[in-house]
There are 2 protein chains.
Amino acid sequence: MSGDSSGPLPAPLAHRVPDLGALELLLAVARLGSLGRAARELGITQPAASGRVRAMERLLGVALVERSPRGSRLTDAGVLVTDWARKVVEAAEALDAGAQALRGRRDSRLRVAASMTIAEYLLPGWLIALRTERPGTAVSLSTGNSAAVAERLLAGQADLGFVEGLDVPAGLDGAVVGRDRLVVVTAPGHPWARRRAPLDPAELAATPLILRERGSGTRQVLDAALAAHGGLAEPLLELASTTAAKAAAVSGAGPSVLSELAIGEELAARRLVEIPVRDLSLSRALRAVWPTGQRPTGPARELLGLTRSRG
Amino acid sequence: MSGDSSGPLPAPLAHRVPDLGALELLLAVARLGSLGRAARELGITQPAASGRVRAMERLLGVALVERSPRGSRLTDAGVLVTDWARKVVEAAEALDAGAQALRGRRDSRLRVAASMTIAEYLLPGWLIALRTERPGTAVSLSTGNSAAVAERLLAGQADLGFVEGLDVPAGLDGAVVGRDRLVVVTAPGHPWARRRAPLDPAELAATPLILRERGSGTRQVLDAALAAHGGLAEPLLELASTTAAKAAAVSGAGPSVLSELAIGEELAARRLVEIPVRDLSLSRALRAVWPTGQRPTGPARELLGLTRSRG
DNA sequence: ATGGGGACATAAGCTGGGGTTATGAGCGGT
DNA sequence: ACCGCTCATAACCCCAGCTTATGTCCCCAT
């Protein structure tokens, strides 16, 4: 073993990080102040919990918990690790909520049809909130562009839709639930990141960008907004997914224009930098929609309430 | 089995969500377009990968991958699940990077001392960026308040510090690397969430809030900012951690004032709503610091470069 | 047309991590 | 002095996930 000729390739992440069960356990210990109580909450025995936490500490090489005959408290490092662990668990909960909806049968109490962007970034959070308010509400999810969402709603195959775009599809009523702002970004090393003055729209239009392929929603908005400034230059790169475009931008391949929803993390950690643009609002509404006249009722109304902007 | 008298308590998250290894595998399949190649990249065999993806699909109840004799592509649902999975894996990577730094030995090439907030929310991202730029740089991390950070730097026990606060500790030079804006928030159901006009500072000061305990950094800033408007009312709740305060606010217990860094997710998903306040800037600088005159060099300079604001 | 080489699937067998029960040992309150 | 809570240790068990070996399908190149 370890006689690998290809060099010491990094151990896979899963071997360096405790598994989800262990992280969940750590959160329970932090919350309840005792290994035994945490164990009970997760439906395992106290020795199992004890061993698991020990294994986690061995794996991470850091003492996380201070044991005493009267309970357990987190160490300083434990507090930090627990906060990081919470992020992992929350992301896993979002995945779980989303997957449950994707699996959802046609006979679900609430059938949602949503655009990709909304389904990806916002819906899981809403579903989690809905679950805490109305546990047991079965939700099913289908995704598609605005036209597909409208079609499902009008055919009675969905109870509530979510679309992004400049206008409401024909035959539907809607309510704005948020905004999707498109942001010009570069890696921190790019010259634009050092500009003092905002970018000129014409300059943006003239620069080759990393973009999603023609026909994507973000591309359409960008096209429309820059039509008055000479139109988009030939793209620097044309990629199939938002994720790929983001990765290219982070790696410094060039400037890109991406949805704010997709790059919150990257901006916060300064893996990407927002470039202000003068007099250009690349913003579109995110809307909940339903067939004209048929105001949502029951679970659909409930979910709508979770998402509505004030007013 | 399943004859439990305590009712159908929800299966723990870890039993409903694929483990990190499986998610990592899914990302590799998405990126490489083939189960076999993904397997090779993760250092397992093709049948193992095949079985694992199958198990993941069974667990989630959703087909993720379209197999063909020429490779594998994600299904529509698979794209969505993969995006959610990426968030989980990224959070796990942040945990890993942070834990490595916590474990870091005293003889690390780069010894960082940071405030809790910065260590928790920003540092992991920086460490990941540093790892991709300068792989193999060993980083160690210790946390403490501004005074403790200054002490470590001046004692030569740390090479670079990060503090939040209104001013730079004596004996140190610094550079602003970001801002920590405090935000007034409530659950979406709170009356304040329906206000049309911004809140008056005096009204905020007079209202009992969910706060961290006296002495915490956020509490100090708030105290100072509202001193001119009558001073803080008695808190509604006084909690030991930011996380606890956040949870209380989300559950609708009342209004709170929290760091923007801590509630990005909650704002995006509208589990919390920001309440604008007129003429009140609750903002403090996040600074990198080092002993006066000793500009960072080597790895410290590298890390600083990753975090610096433009200019 | 035919063999080679990729892709994924199936089968049989091993191993170890994580679970269990049973028990011991501190510490605090009554 | 004793109960009740805490956590730790020991001995045992099981199955998830890995391996190797093999089969099938399809495309492509000779």
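Below, each value reflects all heavy atoms present in this structure, side chains not excepted, and no hydrogens, waters or symmetry copies. Each chain gets a letter, A, B and so on, in the order the sequences are listed, and its residues count up from 1. What you are looking at is a predicted structure, and each value in this text was computed from that prediction instead of being measured.
Residue-environment remark: CZ (B:Arg103) exceeds the threshold of 12 foreign heavy atoms within 6.0 Å. No more than 12 heavy atoms of other residues, nucleotides or ligands sit less than 6.0 Å from atom CZ of B:Arg109.
Put simply, NE2 on A:His15 is 11 Å from C1' on C:dG17, counting in whole angstrom units. As rounded to whole Å, 18 Å separates atom P of C:dG17 from atom CG of A:Leu25. When rounded to the nearest whole Å, the span between CD1 of A:Ile44 and C1' of C:dG19 equals 8 Å. For the pair A:Asp19 CG and D:dG17 P, the interatomic distance rounds to 11 Å; values are reported in whole Å.
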List, one per line, each side-chain donor-acceptor pair under 3.5 Å for residues 60-75 of chain B, sequence neighbours excluded.
residue: B:Arg67; atom: NH1; partner: B:Glu57; partner atom: OE1; Å: 3.0
residue: B:Arg67; atom: NH1; partner: B:Glu57; partner atom: OE2; Å: 3.2
residue: B:Arg67; atom: NH1; partner: B:Val65; partner atom: O; Å: 3.0
residue: B:Arg67; atom: NH2; partner: B:Glu57; partner atom: OE1; Å: 2.8
residue: B:Ser68; atom: OG; partner: B:Arg70; partner atom: N; Å: 3.0
residue: B:Ser68; atom: OG; partner: B:Gly71; partner atom: N; Å: 3.4
residue: B:Ser68; atom: OG; partner: B:Gly71; partner atom: O; Å: 3.2
residue: B:Thr75; atom: OG1; partner: B:Ala63; partner atom: O; Å: 2.8
residue: B:Thr75; atom: OG1; partner: B:Leu64; partner atom: O; Å: 3.2
residue: B:Thr75; atom: OG1; partner: B:Gly78; partner atom: N; Å: 2.9

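Against DNA chain C, the stretch residues 45-67 of chain B makes heavy-atom approaches under 4.0 Å through B:Gln46, B:Pro47, B:Ser50, B:Arg54, B:Arg67. Within residues 27-37 of chain B, the residues that place at least one heavy atom under 4.0 Å from DNA chain C are, in residue-number order, B:Ser34, B:Leu35, B:Gly36, B:Arg37.
The side chain of A:Ser72 contributes an N or O atom lying less than 4.0 Å from OP1 or OP2 of D:dC7. A sub-4.0 Å separation between OP1 or OP2 of C:dA7 and a side-chain N or O of B:Arg40 is present.
Ion pairing of B:Arg219 with B:Glu238 is present here, as a side-chain N (NZ or NE/NH1/NH2) and a carboxylate O approach within less than 4.0 Å.
Using a 4.5 Å cut-off on side-chain heavy atoms (C-beta onward), B:Leu95 and A:Leu23 make contact. Side-chain contact between A:Met116 and B:Val79 is present, with heavy atoms from C-beta onward closer than 4.5 Å. Counting only heavy atoms from C-beta outward, the side chains of B:Leu27 and B:Glu24 never approach each other to under 4.5 Å. Taking 4.5 Å as the limit, every side-chain heavy atom of B:Val17 sits out of range of all side-chain heavy atoms of B:Trp84.
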